[in-house]
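Structure first, then comments.
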Amino acid sequence: MSKPKVVILAGGSNSRFFPLNTQVHKGAIKLFGQSFIERTLENLARNGYKEVIVVQSVRDAETGSLKETINSKNIDISVKFITQNEAKGMGDALLTVKDYLDDQFAVIFPDLYNAGDLISEMLALNSDGAVCAT
């Protein structure tokens, strides 16, 4: 079975992450020498996921913080960046990328470092849909 595309929702304003979000997106912040989004992408790659779409804000597209963080690493995964023109919520972020999605896809956040493990577990359920929440 082929792995679905993974959408990383990173288009919000990160206002609840203040003051740590003033220079870069929270996904690009490093903890113990590695950014949140790097850990997430590495886990996805280890689990065989090949295609990721990152929905980013206009601000993050302009600063390039997420793109720069990801492109500076050698992670075996294809990453496409799509800019959400206005932070109107998660549903709007998905509508922004709908033309890039197939019937099956997964939606995560940039700081879900074990995303590949979790998505693979949900796919093993062979159900029409699954929601993983904490």
Side-chain angles (χ1 to χ4, degrees):
M1 176 167 78
S2 66
K3 301 283 185 169
K5 289 180 184 173
V6 178
V7 178
I8 298 180
L9 298 179
S13 62
N14 299 306
S15 59
R16 292 185 299 264
F17 212 65
F18 182 83
L20 301 175
N21 68 326
T22 57
Q23 300 297 317
V24 297
H25 186 277
K26 67 182 173 187
I29 291 176
K30 290 186 178 187
L31 181 64
F32 300 112
Q34 194 174 29
S35 72
F36 292 123
I37 199 162
E38 287 173 68
R39 293 174 193 275
T40 300
L41 290 171
E42 285 179 352
N43 186 268
L44 287 167
R46 270 196 307 277
N47 280 277
Y49 296 89
K50 298 290 183 194
E51 292 183 77
V52 170
I53 300 169
V54 176
V55 182
Q56 64 182 349
S57 69
V58 171
R59 175 185 161 216
D60 293 319
E62 290 170 353
T63 65
S65 65
L66 284 173
K67 194 172 205 175
E68 189 176 301
T69 298
I70 293 169
N71 289 342
S72 68
K73 304 301 173 198
N74 190 19
I75 301 170
D76 187 26
I77 201 162
S78 170
V79 180
K80 180 177 205 56
F81 289 88
I82 303 295
T83 301
Q84 183 182 16
N85 292 324
E86 200 177 336
K88 293 183 183 177
M90 294 182 276
D92 184 67
L94 281 175
L95 288 174
T96 302
V97 299
K98 70 178 181 169
D99 294 337
Y100 300 96
L101 299 177
D102 302 319
D103 289 341
Q104 190 178 55
F105 61 92
V107 181
I108 64 169
F109 297 104
D111 56 348
L112 188 59
Y113 66 90
N114 60 344
D117 300 329
L118 295 173
I119 297 167
S120 293
E121 286 180 36
M122 288 191 292
L123 287 172
L125 298 172
N126 290 322
S127 85
D128 289 338
V131 176
C132 174
T134 58

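These numbers come from a predicted model, not from an experiment.
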Are the side chain of Thr83 and the backbone N or O of Ser57 linked by a donor-acceptor pair below 3.5 Å?
->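 No, the answer is negative, given that no donor and acceptor are paired below the 3.5 Å cut-off.
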Answer yes or no: is there a donor N or O on one side and an acceptor on the other, between the side chain of Glu38 and the main chain of Ser35, under 3.5 Å?
->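 A pair under 3.5 Å: yes.
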In Å, rounded to the nearest 0.5 Å, how long is the span from [atom1] of [X] to [atom2] of [Y]?
X: Leu41; Y: Phe36; atom1: CG; atom2: CZ; result: 13.5 Å
X: Leu9; Y: Leu112; atom1: CG; atom2: CG; result: 11.0 Å
X: Lys50; Y: Ser78; atom1: NZ; atom2: OG; result: 10.5 Å
X: Asp76; Y: Arg46; atom1: CG; atom2: CZ; result: 12.5 Å
X: Ile119; Y: Ile108; atom1: CD1; atom2: CD1; result: 5.0 Å

Taking C-beta and beyond as the side chain, do [X] and [Y] meet within less than 4.5 Å on heavy atoms?
X: Ile37; Y: Asp111; value: no
X: Ile82; Y: Val54; value: no
X: Val58; Y: Glu62; value: yes

Search all heavy atoms of [X] against all heavy atoms of [Y] and return the closest pair with its distance.
X: Gln84; Y: Asp92; answer: NE2-OD2, 3.0 Å
X: Thr40; Y: Pro110; answer: OG1-O, 2.8 Å
X: Asn43; Y: Gly116; answer: OD1-N, 2.7 Å
X: Lys5; Y: Ile53; answer: CD-CD1, 4.3 Å
X: Ile8; Y: Phe109; answer: CG2-C, 3.9 Å
X: Lys80; Y: Tyr100; answer: CE-CE2, 3.2 Å

Inspect the surroundings of CE in Met122 and state if more than 12 heavy atoms from other residues, nucleotides or ligands are less than 6.0 Å away.
->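 Yes.
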Tell me, yes or no, whether the heavy-atom count around Phe81 atom CZ, taken from other residues, nucleotides or ligands under 6.0 Å, exceeds 12.
->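 Counting other residues, nucleotides and ligands, CZ of Phe81 exceeds 12 neighbours.
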Do Val6 and Ile75 share a hydrophobic cluster (ILVMFWY, side-chain heavy atoms under 4.5 Å, transitive)?
->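 Yes, one cluster joins them.
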ILVMFWY cluster, Tyr113 and Leu118 together (side-chain gap under 4.5 Å) |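 No; Leu118 is not reachable from Tyr113 via cluster members.
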Test side-chain contact (heavy atoms from CB on, under 4.5 Å) on Gln34 and Glu42 and set out the steps.
-> CA-CA 11 Å; Gln34 194 174 29; Glu42 285 179 352; 2.8 Å; yes
Stepwise side-chain contact (heavy atoms from CB on, under 4.5 Å) check, Phe32 with Arg39 = CA-CA 11 Å; Phe32 300 112; Arg39 293 174 193 275; 3.7 Å; yes
With Lys3 as the cation and Tyr49 as the aromatic partner, state whether NZ or CZ is under 6.0 Å from the six-membered ring centre and within 45° of the axis.
->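 The answer is yes; both the distance and angle limits are met.
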Between Asp60 and Lys67, is there a side-chain N and carboxylate O pair less than 4.0 Å apart?
->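 No salt bridge links Asp60 with Lys67.
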